[in-house]
Chemist: 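Structure provided below as structure tokens; questions to follow.
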There are 2 protein chains.
Amino acid sequence: MGRPTIADIAERVGVSKGAVSFALNGRPGVGEATRARILQMAKEMNWRPHSAARALGGARAEAVGLVIARPASTLGVEPFFAQLLSGLQAGLSAQSVAMHLLIVEDVEAETEIYRDWASAHRVDGFIVVDLKVRDPRIEVLEELGVPTVVLGGPGRHGSLSSVWADDREAMLSIVEYLAALGHRRIAHVAGLPAFRHTQRRMRALRDSTRRLALADAVSVATDFSDSEGAAATRTLLSRGTRPTAIVYDSDVMALAGLGVAGEMGVRVPDELSIVAFDDSVLTRIAHPAITALSRDTFALGGQVAEVMLALIADPEARQDLKTATPRLVVRRSTAAPGTWQDD
Amino acid sequence: MGRPTIADIAERVGVSKGAVSFALNGRPGVGEATRARILQMAKEMNWRPHSAARALGGARAEAVGLVIARPASTLGVEPFFAQLLSGLQAGLSAQSVAMHLLIVEDVEAETEIYRDWASAHRVDGFIVVDLKVRDPRIEVLEELGVPTVVLGGPGRHGSLSSVWADDREAMLSIVEYLAALGHRRIAHVAGLPAFRHTQRRMRALRDSTRRLALADAVSVATDFSDSEGAAATRTLLSRGTRPTAIVYDSDVMALAGLGVAGEMGVRVPDELSIVAFDDSVLTRIAHPAITALSRDTFALGGQVAEVMLALIADPEARQDLKTATPRLVVRRSTAAPGTWQDD
DNA sequence: TCCATGTGTACTAGTGAACAC
DNA sequence: TGTGTTCACTAGTACACATGG
């Protein structure tokens, strides 16, 4: 005989399936003595609920879905993702909610999975990352009616809950700091232009140009990889009038940029200041250590988990949570531009 | 009306449920014309299979389980884990197999989850990491009869499949390299002593003492955290006769050790050689860059995924895969011990 | 009478509600 | 009224059997 079912228990105790179901779920409708006998027998037979059978009846899946449309390798390379994942896990595992994780090729495949998992009731909700400028996933998820938390914003996530950091404000704080140091030619090695937060950062820099009297404020788009980050840096440093400061959209790219500067004989921070838009062990141990915007991604994951769990418990409890504005951690990679600088 | 079921399709097309089931699963027993009409209607109604209902009948869950008994925060800190996870994903997602992930408190909770998920048929198999010296999980999983791949070995994983690296051989290669450089006092900042691979590394070092005429070969156990790695280094460097080389069981600890050396005024590599048992971006960008054992953890994850998928396809296809022996990548953190050294 | 094509019903594990003692 | 039974229901699979040419 395989695993015991409530029918097996019912037979052995000499009651009906219904009585066993009531007893095991702590509902009234069965006497204390019988309940005790049933519980005892269930324990003896090592009975466990069968989630598939429960799911048929519409019960919780005790899992949330995370589908990511990126090459799998980036997961391991980007500290941001690893941190987010562990923060999510920390929040979810407190309630023993598992995470159903899948990497797919593109956004089309991603929405297909949403439809599959939603109609099969494999998960109780979804977490959406990498919010795009015009994101087709939003309306699909709204249509499906499954609790969803979007990581990113503000706005453009329709009726779905969201957790977001103010990328505009963050970029402004970096640029203001650099301007205060005396920098006037600031470059920006950005991430994927399709991402909404990339756009917000680029616009924030552009908008600062006049207000802070910057001579130059160029954004270069990349795919977030260290190699494109390095290439962008090489291009920027090869120009006639170099930037005196570069802001990188990720710690990995900042590190790659630091390497390129060294290789080209450009001294950091004397000739070039470097700021990373993400803090991690990478920026701390670089040499020189890199000034970075500290975002506590682990905590971010925890907040997303919290909003998710609240939403599952009460689908009406829509939230729009703005996370604490990240603070700039100043390290050795930034300084006033060298006096030999013209401008 | 909610999501369409095969009964709905059957009604509209005017056939029985059975016919629809046959048609949708591409099995014989239904004519081509009828099959086409059914498929057409299914598409029109946007029908999708309900995995819970299928699971009741004993079908695949299309997911593998990964349960980890560690504080969630370590997931984000240790590059090893992030890399492994992404490698796993890369391998699994090729067949659209998802990963069911959960962090738990301890090994007892972990085995409970195994029992739960196995009897509820939530996953098609399990991946076990952090193999312990006497691991209670092994027999539980054998008893459950669910396809399982153990990451770690050799041996002590019973009848389960395994993928393992030869930690003994790896440690010997490091120690031999250091001995050849002239080091005679080699210390080892180890990981959790409960882990099987930690024990194998410690023993390998001890066994080398006589053969390589080492004056000293001490292992200090830690919990893999950077703080304990730093503390262990501080202790080792405060002793009367310092080691001239330290081997760290992880890149994070090696980096922490490098920091401590700097802080104590011990020059690396002139006065102290440092080797990490794990390679990653951390060791590459450290200053000086750290000599490390390169293990390609991403590929390791891919191999585990492959063995897992093969095992699910054919439960008899037990494998015991030894991965390529990692090679030592020599960087700037190792050199011959300073001439001012006695002995 | 053979065979392709379908039908009817039982079965998976558990929930829930009407009903009976 | 409290205690417990019976049966339908969830979505899909599987198999014995029926029907027709």
Side-chain angles (χ1 to χ4, degrees), chain A residues 1-42 45-62 115-124, chain B residues 1-39 41-43 45-62 115-124:
Chain A
M1 200 190 79
R3 38 182 305 285
T5 71
I6 56 168
D8 298 325
I9 299 175
E11 192 187 349
R12 291 233 202 161
V13 178
V15 293
S16 69
K17 272 175 62 182
V20 175
S21 179
F22 281 163
L24 289 174
N25 290 295
R27 283 197 309 250
V30 57
E32 276 317 311
T34 319
R35 182 187 302 271
R37 280 196 300 141
I38 291 171
L39 260 47
Q40 170 65 23
M41 180 58 74
M45 299 178 73
N46 197 24
W47 176 86
R48 276 146 208 286
H50 194 294
S51 62
R54 280 194 169 152
L56 258 189
R60 293 270 158 79
E62 303 295 341
R115 291 185 194 277
D116 272 356
W117 290 4
S119 63
H121 206 215
R122 270 175 99 97
V123 295
D124 301 319
Chain B
M1 202 189 81
R3 42 183 303 286
T5 71
I6 56 168
D8 298 326
I9 298 175
E11 194 186 348
R12 293 234 201 158
V13 177
V15 293
S16 69
K17 273 175 61 182
V20 176
S21 180
F22 282 160
L24 290 174
N25 290 295
R27 282 197 309 248
V30 58
E32 278 315 312
T34 320
R35 182 188 302 271
R37 281 196 300 140
I38 292 171
L39 259 46
M41 181 57 74
K43 199 168 189 178
M45 300 177 75
N46 197 23
W47 174 88
R48 276 147 207 285
H50 194 294
S51 62
R54 281 196 167 151
L56 260 189
R60 293 271 159 80
E62 302 297 339
R115 290 185 193 279
D116 272 357
W117 289 4
S119 62
H121 206 212
R122 272 175 98 98
V123 295
D124 300 319

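Just so we're on the same page: letters track the sequence lines, and every chain starts at 1.
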Chemist: Hey, could you give me the CG/CE distance between B:D8 and B:M41, rounded to the nearest 0.5 Å?
Modeler: 10.5 Å
Chemist: Can you give me the bend angle of the helix from C:dC2-D:dG21 to C:dC21-D:dG2? Use the axis through the first five pairs and the one through the last five, nearest 10 degrees.
Modeler: 60°
Chemist: Quick one: OG on A:S51 to NE2 on B:H121, what's the gap to the nearest 0.5 Å?
Modeler: 10.0 Å
Chemist: What residue pairs, at least two apart or across chains, pass salt bridge (Lys or Arg N to Asp or Glu O under 4.0 Å) with a residue in residues 16-33 of chain B?
Modeler: B:E32-B:R35
Chemist: Please answer whether the main-chain N or O of A:A61 pairs with a side-chain N or O of B:R122 as donor and acceptor at a distance below 3.5 Å.
Modeler: yes
Chemist: Please give me the minimum heavy-atom distance between A:F22 and A:V30, naming the atom from each residue.
Modeler: CB-CG1, 4.2 Å
Chemist: Would you grab the first and last nucleotide of DNA chain C (5' to 3') that comes under 4.0 Å of any non-hydrogen atom in chain A?
Modeler: C:dA13 to C:dG16
Chemist: Less than 4.5 Å apart, any side-chain heavy atom of A:V13 and any of A:V20?
Modeler: no
Chemist: Return the CD1 to CG distance between B:I38 and B:L24, rounded to the nearest 0.5 Å.
Modeler: 7.0 Å
Chemist: Work out which heavy atom in A:P4 is nearest to a heavy atom in A:N46; give both atom names and the distance.
Modeler: CG-O, 4.0 Å
Chemist: Using a 4.0 Å cut-off on heavy atoms, which residues in residues 115-122 of chain A reach DNA chain D? List them by number, or say none.
Modeler: none
Chemist: Where along nucleotides 3-18 of chain D does protein come under 4.0 Å, by heavy atom, of base (B) or sugar-phosphate alone (S), with - for untouched nucleotides?
Modeler: SBBB---BBBBSB---
Chemist: Would you name the heavy atoms of B:A23 and B:L39 that are closest together and state the gap between them?
Modeler: O-CD1, 3.7 Å
Chemist: Could you go through A:T5 and A:H50, starting from their C-alpha distance and side-chain angles, then the distance that decides it, and tell me whether this counts as side chain to side chain contact (heavy atoms under 4.5 Å, CB included)?
Modeler: CA-CA 8 Å; A:T5 71; A:H50 194 294; over 6 Å; no
Chemist: May I have all residue pairs that pass salt bridge (Lys or Arg N to Asp or Glu O under 4.0 Å) and include part of residues 46-59 of chain A, sequence neighbours excluded?
Modeler: A:R48-B:E112, A:R48-B:D116
Chemist: Please report the shortest heavy-atom distance between B:S119 and A:P49, naming the atom on each side.
Modeler: OG-O, 4.5 Å
